[in-house]
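In what follows, chains are A, B, ... by sequence order, proteins preceding strands, each numbered from 1. All values below were derived from every heavy atom in this structure, side-chain atoms included, with hydrogens, water molecules and symmetry-related copies excluded.
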Amino acid sequence: MSRLNPGEAVRVRDDYPPGHIRTPIYLRGKQGVVERYFGAFGNPETLAYNQPGPKKDLYKVRFRATDLWPDYQGSPKDTVEADLYDHWLETMK
Amino acid sequence: MSGDHHHDHDHNHDHDHGHAHSPPQPDEKVHSYHQILSIALKELLIEKGVVTAAEVRSFIEKRDSITPGNGAKVVARAWVDSAFRARLLEDGNAAAAELGFPITGTKLVAVENTPETHNVVVCTLCSCYPRDLLGLPPSWYKSRAYRARVVREPRAVLHEFGTEIPDEVALRVHDSTADIRFLVVPQRPAGTHDLDEEALAALVTRDSMIGVVRLEEGPR
């Protein structure tokens, strides 16, 4: 079972560790909603150093464009979605 | 060569030629640091016997033989066969494999354009693209300008491609940050109800499967 469910609000960790990180900077610290669960995938943060390591749950997370960019020019319906690993997502409590 | 000049090619020996023919020119391409690094690595792997030059060449040839036409066939099938469309949206890899397009190592997710939603794909971190299905991405897809701007001002970017998405349509930008590859299933253009699957596939363009254009019209 995955830790997070579709529809759940999450915040991306606002963290800047060194290494091969595939969580885009523009999403760090931003709030979004889990759109779907993809399954467990190899972790690029360890694979980049030839260490297979444990697989990580991967989610599609949807962000409102207006939440990412305060001066966003477009429709309030517009969204950006990214595929993020479980350990980058914090639940909203 | 005969002395009386009755040969029939159109080389006029009397005119003043006016310019010197250049000697053969070398390739103008200047390799970047990372290109030189990858060439050096390839040469080392060949030298050490890890791979052969023929294997590298064959792999490149195989990669280059994959074209957006493969994706177009998947889209056209989804347009004419609702059961296939459902399978494509459920499991892109399995659906593509049904048509003879194996996708290995990544998960293919089809995202469907509807009257309410328009999808566009980017990889802000590098150049992730459904290469197993569409072949190599266009150079603009890999440009920093496209990658940085399409998440920031997607409607302005689409406008530059000649694409206007009405404000009531939600624009959904998919940033391919992990092992998922996205295929946009464009909306079937109006006026194509009498076309067969092959004719429909001919309408589907690469850029429509990235999502920077819509297929507005049927054949003219």
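Looking at A/Arg64, there are no atoms closer than 4.5 Å to chain B (heavy atoms on both sides), in backbone or side chain. A/Leu58 touches chain B through its side chain: at least one heavy atom from C-beta onward sits under 4.5 Å away, while N, CA, C and O do not. Looking at A/Phe63, neither its backbone nor its side chain comes within 4.5 Å of chain B, counting heavy atoms on both sides. Looking at B/Val109, the atoms closer than 4.5 Å to chain A (heavy atoms on both sides) all sit in the side chain, from C-beta outward. Contacts between A/Pro44 and chain B at a heavy-atom distance below 4.5 Å are absent for every atom of the residue. A/Ala65 does not touch chain B: none of its heavy atoms, backbone or side chain, sits under 4.5 Å away. With a 4.5 angstrom heavy-atom cutoff, A/Phe38 touches chain B via backbone and side-chain atoms both. In this structure, chain A has a heavy atom under 4.5 Å from the backbone of B/Ser176, while its side chain stays farther away. Proximity to chain A (any heavy atom under 4.5 Å) is shown, for B/Glu168, by both the backbone and the side chain.
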For this session: May I have the step-by-step check of side chain to side chain donor-acceptor pair (under 3.5 Å) for B/Asp175 and A/Tyr26, ending in yes or no?
Result: CA-CA 11 Å; B/Asp175 190 355; A/Tyr26 75 91; 2.7 Å; yes
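Most heavy-atom pairs under 4.5 Å with chain B: of the set A/Arg22, A/Lys77, A/Gln73, this distinction falls to A/Arg22. The candidate with the highest count of non-hydrogen atom pairs below 4.5 Å against chain A, out of B/Val150, B/Ile165, B/Leu125, is B/Leu125.
By the 4.5 Å heavy-atom criterion applied to side chains, B/Glu98 and B/Arg87 are counted as neighbours.
Between B/Tyr146 and B/Tyr141, the ring-plane angle classifies as tilted under the 30° and 60° cut-offs.
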